[in-house]
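Report on one structure; see the data block that follows.
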Amino acid sequence: MRTRKVWLAVPACLFLLTGCGSGSPNVAATVGETTIKMSEVDQLAQDYCTATKQAYQQNGVVLPMGTVRRQVVSSLVLREIANQMAEQYDVAPGKGYAQAVQQSRQQSRSMPDAAREAATTIDTTGGYLQDIAVAAAEQALADEGVTGLSQQQVTERAIEMFTSWSDRSPIEVNPKLGVEWSEGTLAPTEGGGLSVPVSEDAKSAQVVQRFENAQSQDEQVELAQQLTGYARTLPPSQRCG
């Protein structure tokens, strides 16, 4: 069984390619002066669920919608960081990213338009961020007069620029989404934004956090059955698959 990788692991996996929150309930996250609305996250999560539902059903997997929403808000935050880097250093993604977008749209051509675009947005975020971070690092080093750049120099600068971006453009995520920015990473918070009592329900919900913190696809596959068992206890509107 194969499942989509839920978390865009950054920065450690960025080149392997792969906060306490807003004060307004209508705001999902802020990156500097840019606001990501909760309505945008909710709609994109629904569209992405539509895009992935068939694959999940074929594999017998069900995800809590909260997990999908956290994946969406993570993707949108990472894209906004990349957008800001691109604007500051006047760079753009390369041909590899354009090809990845084209391939994603081709693979999802039978889906409704909104679902296809959601899949493309989420599934190509890692490539977009990587392309922009590398190009921005190369430009920054060139501006400093550094010549004869090695790939290691560029990679190290790209990671440093990405992980420190919140110093110049503070990142805050709505606490109810259950994810926070910490040391250059968007990761699930304790409890993953779940409002459950300290009971068997709470113990079951812990699998969500373990699944979302998994460092490899193999770990996610191993936990998928437990996560599906938990998700199936949720109302239909709160699950995907």
Side-chain angles (χ1 to χ4, degrees), residues 3-19 21-22 27-32 34-53 55-56 63-87 93 96-98 100-105 107-108 111 113-133 158 162-163 165-166 169 171-174 176-182 184-189 192-193 208 211-215 217 220 240:
T3 60
R4 286 175 180 266
K5 178 64 174 151
V6 171
W7 296 102
L8 298 164
V10 286
C13 295
L14 177 61
F15 298 91
L16 298 179
L17 254 132
T18 85
S22 162
V27 175
T30 57
V31 184
T34 299
T35 296
I36 299 171
K37 295 181 179 180
M38 191 68 76
S39 58
E40 180 183 3
V41 171
D42 288 341
Q43 185 60 60
L44 192 56
Q46 288 294 337
D47 292 336
Y48 192 56
C49 178
T50 299
T52 57
K53 185 177 292 187
Y56 286 143
L63 294 183
M65 277 302 297
T67 295
V68 180
R69 291 169 80 225
R70 286 188 285 277
Q71 183 180 10
V72 166
V73 76
S74 295
S75 181
L76 293 178
V77 167
L78 296 178
R79 278 186 171 272
E80 179 54 31
I81 293 173
N83 290 342
Q84 293 182 11
M85 294 176 74
E87 182 176 1
Y97 172 69
V101 168
Q102 183 178 12
Q103 182 179 17
S104 177
R105 287 176 175 160
Q107 290 175 341
S108 56
M111 298 178 186
D113 290 347
R116 182 173 63 253
E117 289 308 307
T120 298
T121 295
I122 303 303
D123 293 345
T124 64
T125 291
Y128 180 65
L129 176 59
Q130 177 176 318
D131 268 21
I132 294 297
F162 167 74
T163 55
W165 196 259
S166 61
S169 195
I171 299 167
E172 296 187 353
V173 182
N174 193 312
K176 78 175 188 178
L177 288 170
V179 67
E180 65 181 356
W181 180 266
S182 177
T185 302
L186 275 163
T189 56
V208 176
F211 179 82
E212 294 175 2
N213 280 325
Q215 297 300 306
Q217 187 171 6
Q220 286 197 327
C240 177

Taking atom [atom1] of [X] and atom [atom2] of [Y], what is their separation to the nearest 0.5 Å?
| X | Y | atom1 | atom2 | result |
| --- | --- | --- | --- | --- |
| Asp113 | Asp47 | CG | CG | 10.5 Å |
| Ile36 | Glu172 | CD1 | CD | 12.0 Å |
| Thr35 | Glu40 | OG1 | CD | 10.5 Å |
| Phe162 | Leu78 | CZ | CG | 5.0 Å |
| Ser75 | Arg70 | OG | CZ | 15.0 Å |
| Leu63 | Gln71 | CG | CD | 8.5 Å |

What pair of heavy atoms forms the shortest contact from [X] to [Y], and how long is it?
| X | Y | result |
| --- | --- | --- |
| Tyr48 | Val68 | CD2-CG1, 4.1 Å |
| Arg116 | Met111 | NH1-O, 3.3 Å |
| Ala133 | Ala158 | O-CB, 3.5 Å |

Legend entry - With Arg79 via salt bridge (Lys or Arg N to Asp or Glu O under 4.0 Å) - residues at least two apart: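 For Arg79, no residue satisfies salt bridge (Lys or Arg N to Asp or Glu O under 4.0 Å) once neighbours in sequence are set aside.
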Inset, instruction - Find out whether Thr124 and Gln103 are in side-chain contact, i.e. whether some heavy atom of one side chain is under 4.5 Å from a heavy atom of the other. - result: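 Sidechains of Gln103 and Thr124: no contact.
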Legend entry - Check: Tyr128 and Thr121 side chains under 4.5 Å, non-hydrogen atoms: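 Result no, sub-4.5 Å side-chain heavy-atom pair not found.
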Inset, instruction - Step by step, work out the side chain to side chain contact (heavy atoms under 4.5 Å, CB included) result for Thr52 and Cys240. - result: CA-CA 8 Å; Thr52 57; Cys240 177; 4.0 Å; yes
Quick one: list whatever passes side-chain hydrogen bond (donor to acceptor under 3.5 Å, both in side chains) with [X], sequence neighbours left out.
| X | result |
| --- | --- |
| Ser166 | Trp181 |
| Gln102 | none |
| Ser104 | Thr120 |

Inset, instruction - Name all residues meeting the side chain to side chain contact (heavy atoms under 4.5 Å, CB included) criterion together with Glu80; count only those two or more places apart in sequence or in a different chain, and write none if there are none. - result: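 Residues passing side chain to side chain contact (heavy atoms under 4.5 Å, CB included) with Glu80: Val31, Thr34, Asn83, Gln84.
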Legend entry - By side chain to side chain contact (heavy atoms under 4.5 Å, CB included) - contacts of Ala86 (at least two apart):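 With sequence neighbours excluded, Ala86 shows a side chain to side chain contact (heavy atoms under 4.5 Å, CB included) to Val91, Ile132, given in chain and number order.
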Inset, instruction - Using the side chain to side chain contact (heavy atoms under 4.5 Å, CB included) rule, take Val73 and Asn174 through it: C-alpha gap first, then chi angles, then the decisive distance, then the call. - result: CA-CA 10 Å; Val73 76; Asn174 193 312; over 6 Å; no
Legend entry - Evaluation steps, side chain to side chain contact (heavy atoms under 4.5 Å, CB included), between Ile122 and Val72: CA-CA 7 Å; Ile122 303 303; Val72 166; 4.1 Å; yes
